[in-house]
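To keep things clear, I will list the structure first and then write my remarks on it.
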Amino acid sequence: MTYILGLTGGIATGKSTVSHIFKNSNVPVIDADIIARQVVEPKSETLKMIINEFGEKYLMENGALNRKKLGKLVFNDGAALEKLNGVIHPAIRKEILTQIQFQKKLGSPVIVLDMPLLFEQNYQIICDAVMVVFVPETTQLKRLINRDGLTSDEAQLRIKAQWPIQKKKDLADFVIDNSTTVAVTRGQVLNWLSNQNND
Ligand SMILES: CC(C)(COP(=O)(O)OP(=O)(O)OC[C@H]1O[C@@H](n2cnc3c(N)ncnc32)[C@H](O)[C@@H]1O)[C@@H](O)C(=O)NCCC(=O)NCCS
Ligand SMILES: Nc1ncnc2c1ncn2[C@@H]1O[C@H](COP(=O)(O)OP(=O)(O)OP(=O)(O)O)[C@@H](O)[C@H]1O
């Protein structure tokens, strides 16, 4: 039996940091952010649907999606974000389910599904448990601004496009506090894994 651990949190609370720790421990990770990029590669059906919906101005000269420009639109406009989600999420879901089946066939005992919108898109129902990585909102805002070079207003809009971290924490089976050092976070994840191995 393959145990599916959903890994989520808010934007920039540390999901990738935690998923690296899993990967380094040889646990396979399915990364929804990577899949969300793969399904809109140049010439893909999903990219064509996005361009039909939003217009040619969201394409770059090389035929790739202009992610920066589309991000500016959708994180400022809830209706546009819903439209984008409606077009892209069916393709993301299909690929996630394919990758889960693949890992199950390989006989992986544990797999991690790393997905920022895990609760928003109702993926907890296919997970055996959900782990939420959290930091206080002030830390989240600071790390997001530093990592992505956003203004404080832009960063706050992105945070508001997702459920509040407290709501996700309340729904979690396991929580990881990523507010101090990566070493402390690693300790919590390795501890979870060793409890898992002892079961
Ligand atoms: C709007 C897009 C083009 C902006 O691209 P950009 O390269 O600037 O950001 P990137 O994709 O790296 O996402 C960064 C972070 O933004 C947050 N985010 C992304 N999409 C969404 C969304 N639909 N709703 C809320 N938050 C989101 C996530 O925390 C993600 O980790 C892109 O995020 C996108 O296509 N989003 C829709 C697909 C999606 O929902 N992806 C999230 C994981 S499934
Ligand atoms: N414990 C930590 N101490 C200091 N900085 C950290 C820590 N954990 C993560 N960071 C930094 O905070 C930023 C966000 O972390 P990370 O990319 O792991 O978040 P994420 O949840 O995967 O983000 P996204 O939702 O955008 O995918 C990164 O720049 C990362 O290097």
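Each ligand, and each atom within it, is numbered from 1 in the order the structure gives.
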Seminar exercise, completed: Note: I35, heavy atoms under 4.0 Å from ligand 1, region reported as neither
Exercise. When you look for heavy atoms under 4.0 Å from ligand 1, do you find them on the side chain of M115, its backbone, both, or neither?
Worked result: side chain
Exercise. What are the atoms of ligand 2, with element, lying closer than 4.0 Å to any heavy atom of T180?
Worked result: 1 (N), 2 (C), 3 (N)
Exercise. With a cut-off of 4.0 Å, which atoms of ligand 2 are near a heavy atom of K15?
Worked result: 18 (O), 19 (O), 20 (P), 21 (O), 22 (O), 23 (O), 24 (P), 25 (O)
If you measure every N/O of [X] against every N/O of ligand 2, is any gap under 3.5 Å?
{"X": "T185", "value": "no"}
{"X": "G14", "value": "yes"}
{"X": "A12", "value": "yes"}

Do the side chains of [Y] and [X] get nearer than 4.5 Å, heavy atoms only?
{"X": "K69", "Y": "M60", "value": "no"}
{"X": "N62", "Y": "P42", "value": "no"}
{"X": "D148", "Y": "E154", "value": "no"}
{"X": "K104", "Y": "I100", "value": "yes"}
{"X": "T8", "Y": "V130", "value": "yes"}

Using a 4.0 Å cut-off to any heavy atom of [X], which atoms of ligand 1 qualify?
{"X": "P116", "answer": "28 (C), 29 (O), 31 (O), 43 (C)"}
{"X": "Q162", "answer": "17 (C), 18 (N), 25 (C), 26 (N), 27 (C), 28 (C), 29 (O)"}
{"X": "A161", "answer": "25 (C)"}

For this session: Please state whether S179 comes within less than 4.0 angstrom of ligand 2, counting heavy atoms only.
Result: no
Starting from [atom], what is the nearest protein heavy atom, named by residue and atom, and what distance separates them?
{"atom": "atom 12 (O) of ligand 1", "value": "R37 NH2, 2.8 Å"}
{"atom": "atom 8 (N) of ligand 2", "value": "N178 ND2, 2.9 Å"}
{"atom": "atom 2 (C) of ligand 2", "value": "R143 NH2, 3.3 Å"}
{"atom": "atom 19 (C) of ligand 1", "value": "F75 CZ, 3.9 Å"}
{"atom": "atom 23 (N) of ligand 1", "value": "N85 OD1, 2.8 Å"}
{"atom": "atom 18 (O) of ligand 2", "value": "T17 OG1, 2.6 Å"}
{"atom": "atom 36 (N) of ligand 1", "value": "L84 CD2, 4.0 Å"}
{"atom": "atom 27 (O) of ligand 2", "value": "D33 OD2, 3.2 Å"}
{"atom": "atom 16 (O) of ligand 1", "value": "I11 CD1, 3.4 Å"}
{"atom": "atom 35 (O) of ligand 1", "value": "I88 CD1, 3.9 Å"}

Determine the minimum heavy-atom distance between [X] and [Y], stating which atoms define it.
{"X": "A155", "Y": "I145", "result": "CB-CG1, 3.8 Å"}
{"X": "G14", "Y": "N178", "result": "CA-ND2, 3.5 Å"}
{"X": "R143", "Y": "T180", "result": "NH2-O, 3.7 Å"}

Exercise. Side chains of D153 and T151: is there a donor and an acceptor less than 3.5 Å apart?
Worked result: no
Exercise. So, Q103 versus Q99: side-chain donor-acceptor pair below 3.5 Å or not?
Worked result: no
Exercise. Is V133 reachable from V175 through a run of hydrophobic residues whose side-chain heavy atoms are each under 4.5 Å from the next?
Worked result: no
Problem set entry | Same cluster (ILVMFWY, side-chain, under 4.5 Å), I4 and I96 | yes
Would you indicate which of [options] comes nearest to [atom] when only heavy atoms are counted?
{"atom": "atom 22 (C) of ligand 1", "options": "T46, V87, L117, V74", "answer": "L117"}
{"atom": "atom 23 (O) of ligand 2", "options": "Q140, M115, Q162, R147", "answer": "R147"}
{"atom": "atom 14 (C) of ligand 1", "options": "E120, R67, K160, R158", "answer": "R158"}
{"atom": "atom 41 (N) of ligand 1", "options": "A12, A80, A36", "answer": "A36"}
{"atom": "atom 42 (C) of ligand 1", "options": "I96, D33, V40", "answer": "D33"}
{"atom": "atom 40 (O) of ligand 1", "options": "H89, K68, R147", "answer": "H89"}

Problem set entry | Value rounded to 0.5 Å, distance of CD in Q162 from NZ in K167 | 12.5 Å
For this session: Please state whether the rings of Y3 and W192 are parallel, tilted or perpendicular, taking 30° and 60° as the class boundaries.
Result: tilted
For this session: Please check if the side chain of T46 supplies one atom and the backbone of V40 the other of a donor-acceptor pair under 3.5 Å.
Result: no
Exercise. Are Q121 and ligand 1 in contact, using a heavy-atom cut-off of under 4.0 Å?
Worked result: no
Problem set entry | atom 31 (O) of ligand 2 within contact range, any protein heavy atom under 4.0 Å | no
